Amino acid sequence: MSKKIIITGFLSFCILLLGFGQAIDNPSQKKKKKNSKYLDLRFENGAMLGNTTQFSDQIVNSSYYNGADIRLGFRNTNPDDIYSNVYRRPYFGVGVYTSTFNNEDVGSPGAVYFFLTIPLKFEGLKKWTFSYSGAFGLSYNFNPYDPINNPTNMFVGSYRNCYVHLGFIANYKFSEKWALNGTFGFKHFSNGSFKQPNFGINLIPATIGVSYKLDKEPIIHDKRQIPVYKKHGLMNVALSAGSKNYEVGGENFLKNTLTVDYLRQINYKYRIGVGLDFFYSDRANLRNRSDASKLSKFYSLAATGSWEWVLTEKLYIPIAIGFYLHRNPENDEKTFYYERVGIRYRITDHVFAGVTIKAHGGAADYFEWTIGYAIHNDPN
């Protein structure tokens, strides 16, 4: 899978996600589905973490990190919207990020991303409010590892990388229009083993920002009554594809996942269940020279426990832990278990698409670009 395919797929998925704010499932509710818009400007400074290698310590000691963001956020103004009540009037939106490490070995990365901010409580008339936030996107403009021109950067081997930022936010409202906020969190860049080396870059940034409400649409800050959720089951069948680089300077190989799982949605927010993962690793015979059959070398099997965190009627975060029933260490299946986390969007009531990262003990295996079908009969 080429870089162009991965980048195009990612950008297409981000564009798809942007539809969540304006999506209208019931035409009769069209007048109620409005969003208030917010513009944020944020500046940050933080510590860069090493990866226990000698070269990484050199970069950490010679770098000084600064970053800045501009964000456009949307907040549902319909006080009766179910998920707006479940998540206490959350913000969804997009952002653009730029930074400098003041070190040519790392580069001056930027990013485009999707973000979500969820208040811990309904704001009411409070001046001080607190939230947690997550952002996921595509970063660029790194100076990647090169054995001749840039041997010091053992963090990332690619110009483009995944961007992740998690944070806890304190917000002070001066008025209905203006607010000041501070964020403490964790920021991560990596390419999901698309290109080695891939230790990743980790930061602990502190952020200060200002937020401005762009319109006069009122926000009702108190909870409204919502219908009792009717529990139900569903089955997911998903096919994923990705690209894996096993060694520095080596070629990339196709990896596939077929997932079948059954989940029970127990409330508006959570689905839990179990399933099976079938993995295919292309040209596994080049890495495994044993007498095992081709089927054994190329394919792996695992049982999974799954959890889906539902953010809206269409947008959700799949999380899973898997345990191999048959694995191939030669295919970089390093441990007897693995983790998966990502983001997915229901294109229709049954068809979904998304991207997840599969990892072993925190070490990325590959990005799974997914298309799937959900079999269900939701009584809600």
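What you see is a predicted model, and the numbers here were worked out from it, not measured in a lab.
Contact check for Leu125 versus His221: no side-chain heavy atoms found under the 4.5 Å cut-off. The side-chain heavy atoms of Phe186 and Ile204, taken from C-beta on, include a pair separated by under 4.5 Å. Within the 4.5 Å cutoff, side-chain heavy atoms of Ile317 are placed close to those of Val341. For the pair Phe279 and Glu368, the minimum side-chain heavy-atom distance is below 4.5 Å. Side-chain contact between Arg344 and Thr356 is present, with heavy atoms from C-beta onward closer than 4.5 Å. Residues Lys334 and Asp365 form no side-chain contact, since every pair of their non-hydrogen atoms from C-beta on lies 4.5 Å or further apart. In this structure the side chain of Lys244 never reaches within 4.5 angstrom of the side chain of Asn331, judged on heavy atoms.
For the residue pair Tyr65 / Glu44, a side-chain donor-acceptor distance below 3.5 Å is found, with atom types taken as modelled. For the residue pair Asp215 / Ser36, a side-chain donor-acceptor distance below 3.5 Å is found, with atom types taken as modelled. Using modelled atom types and a 3.5 Å distance limit, the side chains of Asn76 and Asn78 yield no donor-acceptor pair. The closest side-chain donor-acceptor pair between Asp277 and Thr259 falls under 3.5 angstrom. Using modelled atom types and a 3.5 Å distance limit, the side chains of Ser281 and Tyr366 yield no donor-acceptor pair.
Just one residue in the list Arg327, Glu333, His326 forms a side chain to side chain donor-acceptor pair (under 3.5 Å) with Ser300, and that residue is Glu333.
The six-membered or imidazole ring of Tyr163 lies near that of Phe189, with a centre-to-centre distance under 6.0 Å. Ring-centre distance between Tyr280 and Tyr299: below the 6.0 Å cut-off. Checked against a 6.0 Å centroid threshold, the rings of Trp309 and Tyr316 do not count as neighbours. Centroid-to-centroid, the aromatic rings of Tyr373 and His350 come within less than 6.0 Å.
A donor-acceptor contact shorter than 3.5 Å is absent between the side chain of Asn236 and the backbone of Asp261. With Ser99 contributing its side chain and Pro109 its backbone, the two residues share a donor-acceptor pair below 3.5 Å.
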Test Asp40 against Ser211 for side chain to side chain donor-acceptor pair (under 3.5 Å), laying out the working first.
-> CA-CA 4 Å; Asp40 286 15; Ser211 176; 2.8 Å; yes

Does the salt bridge (charged side-chain N to carboxylate O under 4.0 Å, His left out) test come out yes or no for Arg224 and Asp222, once each step is laid out?
-> CA-CA 7 Å; Arg224 296 290 182 91; Asp222 299 312; over 6 Å; no

Starting from the C-alpha separation in whole Å, work towards a yes-or-no answer on side chain to side chain contact (heavy atoms under 4.5 Å, CB included) for Lys269 and Tyr87.
-> CA-CA 9 Å; Lys269 297 169 67 174; Tyr87 290 109; 3.4 Å; yes

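Between Tyr246 and Glu330, the shortest heavy-atom contact is CE2-O, 4.1 Å.
Around CD of Gln225, the count of heavy atoms belonging to other residues, nucleotides or ligands within 6.0 Å does not exceed 12. For Glu104, the CD atom is loosely surrounded, since the number of other residues' heavy atoms within 6.0 Å does not exceed 12. Heavy atoms from other residues, nucleotides or ligands lying under 6.0 Å from NZ of Lys121 number 12 at most. The environment of Lys231 atom NZ is sparse: at most 12 non-hydrogen atoms of other residues, nucleotides or ligands sit within 6.0 angstrom.
Because its NZ or CZ atom is both nearer than 6.0 Å to the ring centre of Tyr338 and within 45° of the ring axis, Lys358 counts as a cation-pi partner of that residue. Cation-pi contact between Arg75 and Tyr91: present, with separation from the ring centre below 6.0 Å and deviation from the ring axis of at most 45°.
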